[in-house]
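Here is the structure we will look at.
Only heavy atoms go into these numbers, but all of them, side chains included; no hydrogens, no water, no symmetry mates.
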Amino acid sequence: MSPRSCTGVSPGELRRHLTRACLSAAFPRPSPAPRVPIRARASHPGQRPPKAMRFSQLLIHTLRDDPADAEVPSHRLLARGGYIVKAAAGLYSYSPLMWRVIKKFMRIVREELDRESAQEVMLPILQPKELWTSSGRWDRYVTDGIMFSLQDRKGADMCLGPTHEEVITAYVDTAVSSYKQLPINLYQIQDKFRDEIRPRFGLMRGREFIMMDAYSFDADQAGLDVSYQRMDRAYRAIFDRCGVKYTVVDADAGAIGGAGSQEFMVVADTGEDAILYCDACKYAANVEKADARLVAVPNQGEAKPLEKHATPEVRTVQQLEEFFSLPPQVMAKTVLYHAVWADREAVVAVMMRGDLEINEVKLCNALDALAVKLADETQIRAATGAEVGFAGPVGLPESVTLLADLSLQGQTNLLTGCNETGFHCLNVNPGRDSAAPAFHDLRLARAGQGCPRCDGELQEVRGIEVGHIFKLGTKYSSAMGATFMAESGKPAPFVMGCYGIGVSRTPAAVVEQFHDDKGIVWPRSLAPFEVIVAVLDAKRPAQVELGEKLYAEFAARGVDVALDDRKMSPGAKFKDLELLGFPLTLVVGRRADEGFVEVMLRRDGNKEEVAADSAVARCEELLAGL
RNA sequence: CGGGGCGUAGCUUAGCCUGGUAAAGCGCUUGGUUUGGGACCAAGAGAGCGGAGGUUCGAAUCCUCUCGCCCCGACCA
């Protein structure tokens, strides 16, 4: 039955056509209401009833075994704890407990953004192609295959928004007409869709995920700088409140485009990004963006005559080193790439000093291409006339754009391929023996290389990108013709910034950092509940009564508490609560009738027995220290 | 996209090589006994083996196609 058949049709019509099962789903009978509505029991009129929850009524389903498809700790534990349930690759249902975690994170995000005067909005997720062609991104996103696109009944192209620059820019263009209305900063927290090449690691890289996107609109660059700083401040406050260890790194602007961006990275071994940092000066950058100090090599002196040498089966830098007994620093490997732009594609040649590697992100940016990919054998043969392993600048067809890394600038007498199978050239001097290459920084920085800012050394850690802030400038506003009337009396494009936070990813990143062999260890700020009152034996009246009493006491004091009144054996209950990861558990057990309970801290497993009378106060005290 | 692996009960798996009409643990239901670290006994319910086609007297097992899921890789010449 399609959902549509259950709407816009009268109940009478439905009744004639639908099965009883469908009917009862569409018009469920109300379950008998309790004689006394629960809310009426909240004793203080005008005061909201205390947040309260009983585990016996909460949907919790923990698994004893690790799910077969979970690899990293956060995925494994979130799935085992029943926090997430997979619907398909990269698509998850969030359980009530997970949703509480996410809502807590969203609340933190909202509070900190609101503090910086951002305003929350709701934007369409289903978006028309026109919006994306107006910014020029439809092609790129379709080329990359990252965007879910579809057609409506009229055959019009639509997409599920992977991000919201276009929609928001169009909206602000409509709503804002004067510089007097600026600056403005709008944000939304909604689902985004990306057809990831490889969804994985549970919530880390999903195809549908929750993201906070904020967009700032300023009249000029100085205004953008201020907005950017405010968001930087908000982001630091947000991740500080989550208690995670994170680092802020320089980043490539990627498909979003624009100049200037930083990523907020949660440090974790399972992170998908590599971060290079310097302890000496605090330089930190995504490896995609990172620079490293260039170690100069001695110039090889006056240009000498070009020599051609037979080098059968010598294809790699390492083989060349042996064959010529020359260090890789005097070699220029020439790598062929297939680059794609919106309106064309071509093979380009990139020269890199033999001891260094090419950073494809930098290359892509240098070419202003949509994408670059190593050329395949056929393309290499077509461009160089030689087999793989013998490419060089000499005699390369004019149609092949030649780029070179800055490490080769001014270098003479290089060793390169000859574009002839089985031959390499000595004393190659680009410009004399070949076209003059365009020099760019195309190097891939690596751990162990020198810091680009000081004489320190770069080190590497892995990180999970949970936030990203960009200075977009007028890239989108110009492309889309989104302008306001400036003070000068002339229309000017908005100067924009955009700022994202992975709302569903962050809790997963937090779990990567906060777990042990027993399960999750939520930081207080994100835990689905801060305190659990656990009644160990739900059949003993003394325990149940005391548990209820303590639970009510916590609730009355506004503590984020739940009562674990499930009927399960003590061992199972302990294991379950540990897996779920609540910061504090108040165990009401065998000494309940003597008036004693036990406080357990999840973080270090410490237990202490306290008198029931002072239990709530003691818990609040412990919570304050978490 | 390339390579590899896996789809059997709600979950984790066995069975497949060597075809004979599906098994275990956990979970679930009922009854009873238990109750401070994933309790015990008894009785049950629950899958026709991802899907389609083929071979065969007979297919979870063999073959073909297909779908789904997981992992690795995506070439530095």
Side-chain angles (χ1 to χ4, degrees), chain A residues 60-72 75-76 79-82 85-91 144-145 197-202 311 313-321 328 331-338 349-360 362-363 371-377 379-381 383-384 386-392 405 415-419 421-422 424 442-444 446 518-519 534-540 542-544 566-580 585 587-592 596-598 600 605 607 609:
Chain A
I60 295 176
H61 73 295
T62 50
L63 271 28
R64 178 177 286 230
D65 300 302
D66 280 341
D69 59 3
E71 202 77 354
V72 299
H75 185 194
R76 212 181 69 234
R80 193 150 90 79
V85 174
K86 184 168 74 179
L91 304 173
D144 288 355
I197 295 175
R198 197 172 153 200
R200 61 178 146 184
F201 300 158
T311 55
E313 295 310 312
V314 175
R315 294 162 193 268
T316 67
V317 168
Q318 205 182 351
Q319 289 167 331
L320 283 167
E321 263 183 87
M331 299 177 199
K333 56 187 172 193
T334 305
V335 184
L336 294 160
Y337 278 91
H338 181 75
V350 183
M351 296 176 67
M352 176 60 68
R353 207 170 77 189
D355 60 326
L356 302 170
E357 286 175 32
I358 294 170
N359 179 328
E360 292 184 0
K362 289 183 181 177
L363 173 62
V372 294
K373 207 179 143 189
L374 279 165
D376 63 31
E377 228 177 290
Q379 292 163 334
I380 291 174
R381 213 180 275 270
T384 67
E387 284 176 19
V388 176
F390 300 98
D405 182 62
L415 166 55
T416 76
C418 282
N419 295 325
T421 303
H424 278 81
L442 300 171
R443 285 180 310 275
L444 185 70
R446 279 183 301 187
K518 293 175 179 151
V535 176
L536 271 201
D537 186 347
K539 285 181 188 158
R540 302 225 161 147
Q543 293 188 20
V544 174
R566 293 175 297 174
K567 293 177 171 61
M568 51 201 294
S569 71
K573 187 165 281 191
F574 283 127
K575 287 277 189 272
D576 217 49
L577 292 173
E578 279 160 353
L579 171 62
L580 291 170
T585 298
V587 181
V588 182
R590 61 187 162 206
R591 294 197 68 194
F596 284 96
V597 293
E598 196 171 69
M600 291 178 60
K607 307 171 184 180
E609 196 157 61

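- Shown here are the side chain to side chain donor-acceptor pair (under 3.5 Å) partners of Arg540(A), two or more places apart in sequence or in another chain: Asp537(A).
- With sequence neighbours left out, the side chain to side chain donor-acceptor pair (under 3.5 Å) criterion links Glu360(A) to Tyr337(A).
- When heavy atoms are screened at a 4.0 angstrom cut-off, Asp66(A) is found touching the sugar-phosphate backbone but no base atom.
- Partners of Lys86(A) by salt bridge (charged side-chain N to carboxylate O under 4.0 Å, His left out), not counting sequence neighbours, listed by chain and number: Asp69(A).
- A salt bridge between Lys607(A) and Glu609(A) is absent, with no side-chain N of the basic residue lying under 4.0 Å from a carboxylate O of the acidic one.
- The nucleotide range of RNA chain B contacted by chain A, defined by atoms under 4.0 angstrom from heavy atoms of the protein and reported 5' to 3', is C11(B) to A77(B).
- Listed in residue order, the members of residues 349-359 of chain A having a heavy atom less than 4.0 Å from RNA chain B are Glu357(A), Ile358(A).
- Residues forming a side chain to side chain donor-acceptor pair (under 3.5 Å) with Arg446(A) (at least two apart in sequence, or on another chain): Glu357(A).
- Taking atom C1' on both nucleotides, G58(B) is separated from C26(B) by 34 Å, rounded to a whole Å.
- For Arg590(A), there are no salt bridge (charged side-chain N to carboxylate O under 4.0 Å, His left out) partners two or more places apart in sequence or in a different chain.
- At a threshold of 4.0 angstrom between heavy atoms, the contacts of Asp537(A) include nucleobase atoms, whether or not backbone atoms are also involved.
- Checked against side chain to side chain donor-acceptor pair (under 3.5 Å), Glu71(A) has no partners two or more places apart in sequence or in another chain.
- For Lys573(A), the salt bridge (charged side-chain N to carboxylate O under 4.0 Å, His left out) partners are Asp564(A), not counting sequence neighbours.
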